[in-house]
Number of protein chains: 2
Amino acid sequence: MLNYSISEENYLKAIYHLQKTDGTVSTNELAKELNTKPASITDMMKKLKAKKLLNYQPYRGFRLNAYGTKVALTIIRRHRLWEFFLAQKLKFSWDEVHEVAEELEHVSNKKLIDRLDEFLGFPRVDPHGDPIPDVNGKIEVSKKINITELPLHTAGTVASISDQSSEILELLEHRNITIGTKIEVNKKFEFDNSMEIKIGRQAAFTISEQLAKNIFVDHAK
Amino acid sequence: MLNYSISEENYLKAIYHLQKTDGTVSTNELAKELNTKPASITDMMKKLKAKKLLNYQPYRGFRLNAYGTKVALTIIRRHRLWEFFLAQKLKFSWDEVHEVAEELEHVSNKKLIDRLDEFLGFPRVDPHGDPIPDVNGKIEVSKKINITELPLHTAGTVASISDQSSEILELLEHRNITIGTKIEVNKKFEFDNSMEIKIGRQAAFTISEQLAKNIFVDHAK
DNA sequence: AAATAAATTTAGGCAAACCTAAAAATTATA
DNA sequence: TATAATTTTTAGGTTTGCCTAAATTTATTT
């Protein structure tokens, strides 16, 4: 696998993430994601196409090919392993890791990343609950699990709420919990099975077992 | 402290290292060190002077000022902490760490470096035996110590040999040990106080207590 | 299907960091 | 000290990755 510039790596990563939802990515979409102008995107798409990382037809959007996807996944692997390292070993909080990992991810030494992976005990998910691609670029598809099964200090993205009553929604609204909210469990109390959770950088608060049992989150493995 | 580009950081670091020996650094000297052409050096010196990092008079060489030195020391701090991390935590060998640290050193998040320092237990010297600047940029002056006092797996640079006989020099020559050679102690044997040492990437070998007692190395603290 | 709006691309520029070749300053030498 | 050799700087280019403004293509309306 060849080496790519920091800009190229950021483009590949952004395209990978945008592709997930849409089938193809548009110039404006990517420009917005990368905080650049559409003209810059067109420039770079020509380069990445020339380097055989993606399929691109003028005016028709673009999509990573198999090789481009593989490169994107190694970058995501680096990013998530560093996030895990920062949270686990350097005691960075959940919401601080991303920014630092954005820089570390561009250090491309393969042995470094594989040794780091080993040092960390081959973690499967990063501190946000997103799956970490393995040495071969294989990435686990995330599954829904109940928040009560979520490991401590590992975020999950709220994917569904089983009870649909207005009572529970009132409570969730009050707590600022909706689909897409990232939740991290701080503590579980055996006495009443209540748990202390945290959302983003807000102060932690406690929720009852009843409520917890209704919250499902996306989580790899 | 402001942020500098990777190139600027590499220039500052190189000037710092060259300054140590000479009083002032010349264009050609720096060009050789950085594998660039003299014209590129002149370009960059103008920029670094404009940014108040060094003193520079055309045709008269250059030298970091107090601020430039401080910046250089934070880069060296990052580099050596990462080297320590790579050797100690990721089991990289002595001669592999430098190259990887050259990349990691440009990640400039201060909290990252200070937390890493703490995580590593505030090490004083890197795996090559060079001192690591502290949070405030203070760097210990290296002192000579006998190789028998050198901690295991930490390199020291041969600074002097106390015995000056031709017999010892013959032995040292055979072993490829001269002033400037970097030595790492692998093991010490209590039985006869002999020790197994390693030079660069050569295979390790054993030396007697008598010989060891005559080898002094530069080593911080 | 024309006209208008929106998205995308092209054209031409800019700054950073490098380069080569030529000019200028400094240093060494006859 | 004048000339030669060396060092350094200047002048003018190149590539990467970005920009603005204008042109073009595609999509949406009427």
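Chain letters run A, B, ... following the sequence lines, proteins first, then strands; residues in each count from 1.
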> Choosing from dC18(D), dA17(C), dT20(D), which nucleotide comes nearest the side chain of Lys47(B)?
Replying inline: dA17(C)

>> One pair to check against side-chain contact (heavy atoms from CB on, under 4.5 Å): Lys144(B) and Val217(B). What are the steps and the verdict?
In response: CA-CA 5 Å; Lys144(B) 283 184 205 172; Val217(B) 294; over 6 Å; no

>> From CE of Met44(A) over to C1' of dT15(D), roughly how many Å is that when rounded to an integer?
In response: 12 Å

>> How close do Gly137(B) and Leu73(B) get, counting heavy atoms only, and between which atoms?
In response: O-CD1, 3.2 Å

> Closer to the 5' end of DNA chain D via nearest nucleotide, is it Lys37(A) or Pro58(A)?
Replying inline: Lys37(A)

> In terms of the angle between their ring planes, are Trp82(A) and Trp82(B) parallel, tilted or perpendicular, with boundaries placed at 30° and 60°?
Replying inline: perpendicular

>> I want to verify a distance call: between dT20(C), dT20(D), dG17(D), whose nearest atom is closest to the Ala39(A) side chain?
In response: dT20(D)

> Below 4.0 angstrom from OP1 or OP2 of dA17(C), is there any side-chain N or O of Tyr4(B)?
Replying inline: no

>> Base, sugar-phosphate or nothing for Phe62(B)? Non-hydrogen atoms, less than 4.0 Å.
In response: nothing

>> On the nucleotide dA17(C), are OP1 or OP2 found under 4.0 Å from the side-chain N or O atoms that Ser5(B) carries?
In response: yes

> Please give, in whole Å, the distance from dT9(D) P to Arg60(B) CZ?
Replying inline: 10 Å

>> If the cut-off is 4.0 Å, is Ser26(A) near the phosphate of dA7(C), judged by side-chain N/O to OP1 or OP2?
In response: no

> Which is true for Thr27(B) with a 4.0 Å heavy-atom rule: it touches a base, it touches only sugar-phosphate, or it touches nothing?
Replying inline: sugar-phosphate

> Of the nucleotides dG17(D), dC19(C), dA17(C), which one has an atom closest to the side chain of Glu8(A)?
Replying inline: dG17(D)

> Base, sugar-phosphate, or nothing: which does Thr42(B) touch, judged by heavy atoms less than 4.0 Å apart?
Replying inline: base

> How close or far is atom P of dA5(D) from atom CG of Asn28(B), stated in whole angstroms?
Replying inline: 18 Å

>> In this structure, how many angstroms lie between the C1' atom of dG12(C) and the CG atom of Asp43(A), rounded?
In response: 12 Å

>> Output the rounded distance in Å from CG (Leu48(A)) to P (dT16(D)).
In response: 12 Å

> Separation of Tyr59(B) atom OH from dA23(C) atom P, in whole Å?
Replying inline: 13 Å

>> So, OP1 or OP2 of dT8(D): does either fall under 4.0 Å of a side-chain N or O from Tyr56(B)?
In response: no

>> I want to check a possible cation-pi pair here: Lys89(B) against Phe119(B), using under 6.0 Å from ring centre and within 45° of the ring axis as the test.
In response: yes

> Thr36(B) has a side chain; which of dC18(D), dC18(C), dA17(C) sits nearest to it?
Replying inline: dC18(C)

> Whole Å only: how far is the CE atom of Met45(A) from the P atom of dG17(D)?
Replying inline: 11 Å

>> From CG of Leu12(B) over to P of dA17(C), roughly how many Å is that when rounded to an integer?
In response: 11 Å

>> Heavy atoms only, 4.0 Å cut-off, all strands: where does Pro38(B) land among base, sugar-phosphate and nothing?
In response: base

> Between His174(A) and Glu170(A), does any side-chain donor sit less than 3.5 Å from a side-chain acceptor?
Replying inline: no

>> Over all strands shown, is Ser40(A) touching base, sugar-phosphate only, or nothing at heavy-atom distances under 4.0 angstrom?
In response: base

> Can you check whether Leu104(B)'s main-chain N or O pairs, donor with acceptor, with Arg78(B)'s side chain at less than 3.5 Å?
Replying inline: no

